[in-house]
Amino acid sequence: SVALVLCRNGLIAPASRVVWPASEDDATLFEVLVDGLLIADVDTVGLYCPSLRDACTPLDVDCAVRVLQEVEPETLGVLAEDLLDWLNRNLTATVDRPTKEQVAALPIFPTATGFEALTRLSLPNDFRDPIAVASLVADNIVRDYHKLLTDLGARPLDIVEYFRLHAVPAAHSGRLSGTQARELLRLMAVHQEALSPLRDMLATTELVPCTDGVLHPAPDVHLPSPEI
């Protein structure tokens, strides 16, 4: 037989398709975020058939990240801080690394210009971006959710993180000017030892301004020669 569960939207659905919220606030948040999500009518089901709870899917972080992947970024942005607050309370040590990586990939993390996935952001630090290509988590979010952010893999902006996550992708996407590339080359010269783990990555990145007005990877260019 199929266990049927009354949902908050008035529908009756198989328990395997229904999520069970931990609280009224959780139910309301995800009801707004995820259109058509089948959320159990906890009061009614608990009163008449409480054993059905075990047949439903708990509305935990693993469940949340799966349903949130189907939500439009604009909708996520509207309730991003509410969602961060929910994650801050529910992301426990038992949540596995793949699930954390999926959470970090959601575009719910505020920056100075909007919302981004945490996988594309760094935490503010003493290092200063000289060419304004780094995307940072907003200061107030770092202050309020620092442990959550670090648990999800966010790292402070340092010279290695700067090149790996920000400068190199900017170069690959053609967003650097010759002036910006020269500043990056200057930084590379100053921080050669720290950047040694990224040597292969930097060697294949379009960072060298040439006489044709285009940036090229270092192995593709030649130094000026009086013989030519």
Side-chain angles (χ1 to χ4, degrees), residues 22 26 29-30 33-34 57-173 175 184 187-188 191 193-202 204-205:
D26 287 7
L29 174 61
F30 282 86
L33 275 168
V34 188
T57 301
L59 184 48
D60 55 15
V61 173
D62 183 63
C63 172
V65 76
R66 282 186 281 108
V67 299
L68 291 174
Q69 287 174 348
E70 307 300 321
V71 179
E72 292 295 325
E74 293 78 11
T75 302
L76 289 175
V78 171
L79 292 170
E81 291 205 35
D82 295 288
L83 190 50
L84 287 174
D85 187 61
W86 184 87
L87 287 167
N88 194 48
R89 290 183 281 105
N90 289 275
L91 191 87
T92 65
T94 60
V95 176
D96 61 28
R97 175 50 54 185
T99 300
K100 289 181 179 179
E101 290 172 353
Q102 289 179 302
V103 173
L106 294 170
I108 60 173
F109 299 90
T111 72
T113 58
F115 298 91
E116 288 282 0
L118 191 60
T119 50
R120 301 178 61 183
L121 304 175
S122 296
L123 303 180
N125 199 16
D126 292 338
F127 180 84
R128 292 294 176 261
D129 174 10
I131 61 171
V133 295
S135 296
L136 304 177
V137 179
D139 289 341
N140 65 308
I141 299 300
V142 176
R143 182 185 64 246
D144 295 342
Y145 300 106
H146 189 271
K147 184 179 185 304
L148 172 66
L149 297 171
T150 54
D151 285 348
L152 291 174
R155 300 173 60 182
L157 185 66
D158 58 19
I159 188 66
V160 175
E161 185 79 352
Y162 178 66
F163 273 91
R164 182 188 68 82
L165 193 59
H166 305 287
V168 168
H172 286 322
S173 64
R175 292 188 284 123
L184 292 178
L187 278 178
M188 290 167 59
H191 298 281
E193 184 175 350
L195 291 171
S196 59
L198 303 185
R199 188 180 301 277
D200 291 343
M201 174 189 290
L202 295 172
T204 59
T205 300

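Around CZ of Arg97, the count of heavy atoms belonging to other residues, nucleotides or ligands within 6.0 Å exceeds 12. Annotation: Asp96, atom CG; neighbour count of heavy atoms from other residues, nucleotides and ligands within 6.0 Å is above 12.
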Please set out all donor-acceptor pairs under 3.5 angstrom arising from side-chain atoms of residues 130-149, sequence neighbours excluded.
unit_1	atom_1	unit_2	atom_2	d
Lys147	NZ	Asp151	OD2	2.8

Check residues 112-127 and write down every donor-acceptor pair under 3.5 Å in which the side-chain atom is one partner and the other belongs to a residue at least two apart or another chain.
unit_1	atom_1	unit_2	atom_2	d
Thr113	OG1	Thr111	OG1	3.4
Glu116	OE1	Arg120	NH1	3.3
Ser122	OG	His166	NE2	2.8
Asn125	ND2	Leu157	O	3.1

Mind listing the side-chain donor-acceptor pairs of residues 71-84 below 3.5 Å, one per line with the distance, residues two or more places apart or on another chain?
none

Quick one: do Thr205 and Phe163 satisfy side chain to side chain contact (heavy atoms under 4.5 Å, CB included)? Show the steps, please. CA-CA 10 Å; Thr205 300; Phe163 273 91; over 6 Å; no
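Between Val34 and Glu70 the shortest side-chain heavy-atom distance does not fall below 4.5 Å. At a threshold of 4.5 Å between non-hydrogen side-chain atoms, the residues Leu152 and Phe109 count as touching.
The list of salt bridge (charged side-chain N to carboxylate O under 4.0 Å, His left out) pairs with a residue in residues 83-94, not counting sequence neighbours, reads Asp85-Arg89.
For Thr94, the side-chain contact (heavy atoms from CB on, under 4.5 Å) partners are Thr92, not counting sequence neighbours. The side chain to side chain donor-acceptor pair (under 3.5 Å) check on Thr57 picks up nothing, with sequence neighbours excluded.
The shortest non-hydrogen separation linking Thr204 to Met201 is OG1-O, 3.0 Å. The shortest non-hydrogen separation linking Arg164 to Val168 is O-CB, 4.4 Å. Closest approach of Val95 and Lys100 over heavy atoms only: O-CE, 3.4 Å.
Separating the CG atom in Leu187 from the CD1 atom in Ile159 is a distance of 5.0 Å, to the nearest 0.5 Å. Atom-to-atom distance recorded for Tyr162:OH and Asp129:CG is 3.5 Å, nearest 0.5 angstrom.
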